[in-house]
Amino acid sequence: MTATADKPAAEAVETVTLTIDGTEVTVPKGTLIIRAAEQIGIEIPRFCDHPALKPAGACRQCLVDVASPGPDGNLRAFPKPQASCTMTVTNGMVVNTQHTSEEADRAQKGVMELLLINHPLDCPVCDKGGECPLQNQAMSHGRPESRFVDVKRVFEKPLALSSEILLDRERCVLCQRCTRFSKEIAGDAFIDLQNRGAQQQIGTFDEDVLDFDGYRPVGAAAEDEAGKAFSSYYSGNTVQICPVGALTSAAYRFRSRPFDLVSSPAISEHDSSGSAIRIDHRRGKILRRLADNDPVVNEDWITDKDRFAFAWQNLDDRLARPLVRKDGELVEVSWPEALAAAAAGIRAATAEPEEGDARTAGVLVGGRVTLEDAYAYAKLARTVLGTNDVDSRARAASDEEQAFLGSAVAGTGMGVTFGDLEKAPTVLMVGFEPEDEGGVVFLRLRKSLGRQQVLTVAPFLSRGAEKLAATLVPTAPGQEAAALSGLADDAREALSQPGAVIVLGERVAESAGGFTAAQELAAATGARLAWIPRRAGERGAVEAGALPGLLPGGRAASSKAARAAVAEAWGVDSLPEKPGRDTAGILAAAAAGEIGALVVGGVSASDLAADVPAALDAVDFVVSLEVRRSDIASRADVVLPVAPPSEKSGTFVNWEGRLRSFATAIRTDAMSDHRVLDLLARELGAALGTGTVEAVNSELAALGAAGTGERAAAPKAKAAKPAKPAKGQAALATWHQLVDEGALQAGEPYLAGTGRVAVARLSQATADALGVARTVTVASERGAIELPAVVTDMVDGVIWLPLKSPGSWVARDLGASAGATVSVKGAE
Amino acid sequence: MSESDEVWKVNRERDGKRETFESNFKKKGPIGEAFAPVAGFGVSLRNFFRPTVTEQYPKVKNPTAPRYHGRHQLNRYADGLEKCIGCELCAWACPADAIYVEADSNTPDHQVSPGERYGRVYQINYLRCIFCGLCIEACPTRALTMTNDYELAGPTREGLIYEKQDLLAPMGEDMLAAPHPMVPGTTDGDYYRGDVTQVVDAQIEWVRENRPEEPTLPENRDAKEASRG
């Protein structure tokens, strides 16, 4: 909110009474005139004013006549109209807007005429046409005719600020919403005002583009590692808040008009924040996505990934009909045939052989599915396939993590919220990169910049952490537990303040003892724990029991009471007792020939360090539920197409534990995973009861959270001993960058262009020791990755690689995860 | 007394005053009264001696009024670039929702209209069109106008959805079919003001290089004419 935002209602609020257009209104002290007018339904035209940005008074469109009582109590009018977006209200103030004051009306019309002097009349080609505040307000408040007869100022257009964000400078009215957003909210101040007077314009520090004529900026021009300007993960928000068509996105440029579009509210499928978005679609095709306002979650902002990455679901390789392997080839068949083939295949692969034990089935669920889908996968595994081998963690995972999730996360409802995170005096981040892995979590933390102490347990200070003014607790990958136990006293003291939060990312699972140490630290300091995974479906899968050791609601699969309770609710005699294996365990068992059939949904093989192709080839029968043809679908025996999030309804549970339900945005024939699994179970002779979202939700509600004695015990794991890399080796640190080559970002080259250049990071000492200069080759037994090397101030003996960026697919190419020892070789 | 008369009576009674109905036709004389039953034949008789106005369509096709609202046409600039910029204002103005447009970006390799934007998809559904001409008034570049072609009937519904290629104006004598670059040194403003009056060599060169088979190239035109002649 604004700097003068309303205080929480619980506190006694000092109020001020004033008169606007003859109507008396009482508002909290410090309210801006423009907001007070909004409250009584008086609209004052504006461009620069935005409730989430600090007041600027840049456009001067909101001029009103103001009179306020002087020291003697007499009402004294200001000599000239005042900008209502910067002036706060005072007691007894009398405001006359354009509705009651001719002077204010004349002033507003004058400002509008001035703004339109250089504004091109290219509304027919402008993307904003039809939803443009300038167009609308020029119609409602402007003069019908312009007195300006000279030639308008023109610029070369458009100027590409990044591959995604385009700037048409001649349309700009210099309201500075974009620059204020970049500085205040995102912290990526790559654009700013240039020059003065009529030549004033928005631009980057690029003397060629801006035609500086030898006139250079005094300071160093800001650049990111990519050497690119405006490489911000939040740049798309500037397009949305631009009140004219000056900022447009390459992906939506010239694609449609607002009156073509049908808008449907939705929830972003890209991260665990559960950001509210608006999907604008035309004839069943998504054309753009915008941020929706949700004050408790994402406020007004979303990441560029949420905004621009939607093309993946309508690519050419989208599956429309089921596929069945016949004579080695996948051929399109009807649904009944595919379901029958899938059921027959699963039955045959898990049938009792004449000698030896029957081979079991396993279920791999990706972290992208909804709560309902995850529940259906888990229930299918436990009731129909009779196994606990179900895991939704398509990433590095550990039993310790599962114990933590079962004891402290699943079925606990809302824990730490976005608001708590914003208000926390101290935030300690472990295995979590706020910008790369948190999305809008970063924006919430940055809102408290200067009021909040942020500590990060990481090998180096990433740019996101740097923008939060975070203090680095230098830690080699895998050594998080030791870092937490050995946290300095002042940090412990900071964490003892009421409201302090320890944020645990999904990468804590890669570090033995990390969760145990974090829980100990939380118990010792009183700080609250928040688990913020990366993918949208992770928390929902934990709640739904799509983990080997977890039943719905946080019940431990190892607890007899919990199994009995769930078996009763599901109407089955018993649930499988044999402990389940995690993703890596299932794949290892599959490769060893212990598993006969696999049901896989929403998993990218390239996210897993295990040799997935080999494991899939060793399995008799693979059923894949996919939106698009994928590397796993191409090895499956039956592929069942499922709906992408925009074509189904469901619920994502965000990291807070908040249920983020969404309705179907685009109606198609595509079915959700839970419905497909219901049909598959029926074919296998069982009633899964997951045919509709409502059915699943009522089952989940009836199950509720785990009772006493049904939960898993808190994790108790020993910290890993520091690895001692031999000569020519280093410990691998790695995480996903927000914009990378994830499966849900396919088909969007403009977004991919805003991603950061893939580089390997290592410290000067490490570089010297390993003889690394310009490029570096990181190798494991499986393969090697060659990247440009960047010397960073970081922990020695560690090399950092982006997890899935162009040219650096760590899981697939190295088959390693963070903490592993890799050999490093320098190259010229 | 019929039922309606009863109603009138009731109403009159309720309103409390008598309604009188008087014809404002002149009352006819006794001869008029006598011929009244056959007076209608007089109309037929009179028209026997007047010229006929029946049009012998489709055997004879008479020209329409010059501003008759017929089938639409998407016009071109003098050098063959399309005038349509895909702004969808026609679709916006259409009261019958008969127009569907999808725009796209011009690129140096694929310049269809002057400026940055062109209409990639342009459809008019003549089953819906009411020929009101509001689309013509809305068009900011005079790309869309109406011809006098009124023969818009067909055996299929699909056939009456006219695509862009059905609506585009025929290529003029010296035009070069799009896509090709704009005249060097000009802007879309110059085109709009009518300052571009002909194809220039640079454009012909570009097409020659990229689409040597283009039938609107001068040499291909000549060859065609030669073969015809």
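Below, chain A is the first sequence line, B the second, and so on; all start at residue 1. Predicted, not measured: the structure shown is a model, and the values here were computed from it.
With R169(A) contributing its side chain and E156(A) its backbone, the two residues share a donor-acceptor pair below 3.5 Å. Between the side chain of N118(A) and the backbone N or O of R153(A) there is at least one donor-acceptor pair closer than 3.5 Å.
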#### Entry: Derivation of the side chain to side chain donor-acceptor pair (under 3.5 Å) call for N75(B) and Q73(B)
CA-CA 6 Å; N75(B) 298 312; Q73(B) 173 171 286; 2.9 Å; yes
### Working for salt bridge (Lys or Arg N to Asp or Glu O under 4.0 Å), residues K285(A) and E647(A)
CA-CA 11 Å; K285(A) 193 179 159 206; E647(A) 292 173 26; over 6 Å; no
### Message
Test side chain to side chain donor-acceptor pair (under 3.5 Å) on E214(B) and T216(B); report intermediate values, then the result.
### Response
CA-CA 6 Å; E214(B) 173 59 50; T216(B) 51; 2.7 Å; yes
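Under the 4.0 Å criterion applied to side-chain N and carboxylate O atoms, E82(B) and K164(B) are assigned as salt-bridge partners. The existence of a salt bridge linking R253(A) and E116(B) is confirmed by a sub-4.0 Å separation between a basic side-chain nitrogen and an acidic carboxylate oxygen. The existence of a salt bridge linking R257(A) and D127(A) is excluded, since no basic side-chain nitrogen approaches an acidic carboxylate oxygen closer than 4.0 Å. Using a cut-off of 4.0 Å between Lys/Arg side-chain N and Asp/Glu carboxylate O, D260(A) and R282(A) are scored as salt-bridged. We find that E151(B) and K61(B) are joined by a salt bridge, their nearest charged nitrogen and carboxylate oxygen being less than 4.0 Å apart.
Residues of residues 165-204 of chain B having a heavy atom under 4.5 Å from any heavy atom of chain A: none. Contacts with chain A (heavy atom to heavy atom, under 4.5 Å) involve no residue of residues 153-163 of chain B. Of all residues in residues 302-318 of chain A, none places a non-hydrogen atom less than 4.5 angstrom from a non-hydrogen atom of chain B.
D168(A) CG to H119(A) NE2: the interatomic distance, rounded to the nearest 0.5 Å, is 10.0 Å.
Taking the ring centroids of Y126(B) and F131(B), they lie under the 6.0 Å cut-off.
Contacts classified as ring-ring contact (aromatic ring centres under 6.0 Å, His included) and involving residues 88-111 of chain B (residues at least two apart or in different chains) are given here: F259(A)-W92(B), H110(B)-Y118(B).
The choice from G86(B), A91(B), S105(B) that makes the most heavy-atom pairs within less than 4.5 Å of chain A is S105(B).
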